[in-house]
Amino acid sequence: MEEEVAKPAGIPILRVSSGNIRSDALNPNHRFASMPLHILNQDGRPGMTRRQCTGEYKVKPIKQKVRELLGHPYPSRIPKEIFVEQWVGISTDEFHRAKDADVKYMRNRHPLLDMSWSRADCVRYLTSLGLSDTPKSSCLGCPFHGNAQWRHIRDTSPTEWADVVEFDAAIRQGNARATASGSQLLGEAFLHRSRVPLDRAPIDHVTAAEREALRIGADEADVLEYGVEDGCSPWACRGEADALTRDDLGLAT
């Protein structure tokens, strides 16, 4: 879809990669940048592993490509007068996530904030262009998915659902490299925040955010159905503020 829109407008699309996080997590011979798995410790207490995946698999390869485009690949020094202007799609719903770049050769701009656009504004605009099915940015097996996102995968893509269920089971003891090196996880790891195997997790539970979405109307419903705390983009991982609640676990009435 992005190529259908970008190509006629003369906008090139460049794809970068730092490997496959799924394969790396299950490969005992590969270094693995930790993803934020939900942990059930041996004493029954919940925990979470560190989140390194965004930096390793998204931010790092983008920076490498930017350096290449500027003609100054690492480790060469980039003159201070040379930089790129990077547009980051953070809406007013998440203005607090707008930050400056952490390197001088990249300068962040936030056009949606400049226009005072909320996610609902974005949805209305995309709908007017016939692009209402534009998905949120996130990895297929991201532990920060909310129930609605897990249901969407299960109900619309059986192949992808089978893949994430398989990965969830395979990751139960943590990443394979750590296990092989003798640093076995003292507990169990899960993709769903309930800390239950994904194919048995309470993803059909409708959360408070979804109920609120149904109350306030269709435009905002799209915002809340998928949850502003879900998903992940290179400079705005929404899961950082994620908190485990009784409602998320399907325990609320």
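Since we're looking at a predicted model, the values are computed, not measured.
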State, yes or no, whether a side-chain contact exists between [X] and [Y] at a heavy-atom distance under 4.5 Å.
X      : Y      : answer
Leu131 : Val5   : yes
Asp102 : Lys63  : yes
Phe167 : Leu198 : no
Cys142 : Met35  : no
Val84  : Leu69  : no

Name all residues meeting the side-chain hydrogen bond (donor to acceptor under 3.5 Å, both in side chains) criterion together with [X]; count only those two or more places apart in sequence or in a different chain, and write none if there are none.
X      : answer
Glu56  : Arg31
Tyr57  : Asp24
Ser18  : none
Ser157 : Glu160

task: Give every residue pair that meets the salt bridge (charged side-chain N to carboxylate O under 4.0 Å, His left out) criterion with at least one member in residues 162-175, sequence neighbours excluded.
output: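 For residues 162-175: Arg22-Asp163, Arg22-Glu166, Asp168-Arg172.
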Quick check: does any side chain N or O of [X] sit under 3.5 Å from a backbone N or O of [Y], one acting as donor and the other as acceptor?
X      : Y      : answer
Arg195 : Arg45  : no
His38  : Pro143 : yes
His145 : Leu140 : yes
Arg107 : Ala101 : no

query: Excluding sequence neighbours, so at least two apart, what forms ring pair (Phe, Tyr, Trp, His ring centres under 6.0 Å) with Tyr125?
result: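 Once residues adjacent in sequence are excluded, the partners of Tyr125 under the ring pair (Phe, Tyr, Trp, His ring centres under 6.0 Å) criterion are Trp117.
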Mind checking the [atom1]-[atom2] spacing from [X] to [Y]? Nearest 0.5 Å is all I need.
X      : Y      : atom1 : atom2 : answer
His110 : Ile90  : NE2   : CD1   : 4.0 Å
Asn108 : Gln86  : CG    : CD    : 5.0 Å
Ile203 : His152 : CD1   : NE2   : 12.0 Å
Arg124 : Ser118 : CZ    : OG    : 6.0 Å
Gln42  : Glu188 : CD    : CD    : 9.5 Å
Ile171 : Leu37  : CD1   : CG    : 5.5 Å

message: Please determine whether side chain to side chain contact (heavy atoms under 4.5 Å, CB included) holds for the pair Leu112 and Cys122, giving the CA-CA distance in whole Å, both sets of side-chain angles, and the decisive distance to 0.1 Å.
response: CA-CA 9 Å; Leu112 298 179; Cys122 296; 3.8 Å; yes
What pair of heavy atoms forms the shortest contact from [X] to [Y], and how long is it?
X      : Y     : value
Asn27  : Asn29 : OD1-N, 2.9 Å
Met48  : Pro36 : CE-O, 3.3 Å
Lys99  : His96 : NZ-O, 4.1 Å
Ala170 : Leu26 : CB-CD2, 3.7 Å

message: Which Ile, Leu, Val, Met, Phe, Trp or Tyr residues join Phe95 in one cluster when any pair of side-chain heavy atoms under 4.5 Å counts as a link?
response: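 Its cluster partners, ordered by chain and number, are Leu113.
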query: So which residues get pulled into Leu40's cluster when ILVMFWY side chains under 4.5 Å apart are joined, directly or through others?
result: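 Once heavy-atom contacts under 4.5 Å are chained together, Leu40 belongs with Phe190.
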The criterion is salt bridge (Lys or Arg N to Asp or Glu O under 4.0 Å); which residues satisfy it with [X], sequence neighbours excluded?
X      : result
Lys65  : Glu68
Arg154 : Asp204
Lys104 : none

task: Answer with yes or no whether the hydrophobic clustering places Trp87 together with Leu70; edges join I, L, V, M, F, W, Y residues whose side-chain heavy atoms lie under 4.5 Å apart.
output: no
- prompt: If two hydrophobic side chains count as joined below 4.5 Å and joins carry through other members, does Val103 share a cluster with Ile78?
  reply: yes
task: Provide the full list of side-chain hydrogen bond (donor to acceptor under 3.5 Å, both in side chains) pairs with a residue in residues 72-82, sequence neighbours left out, each pair given once.
output: none
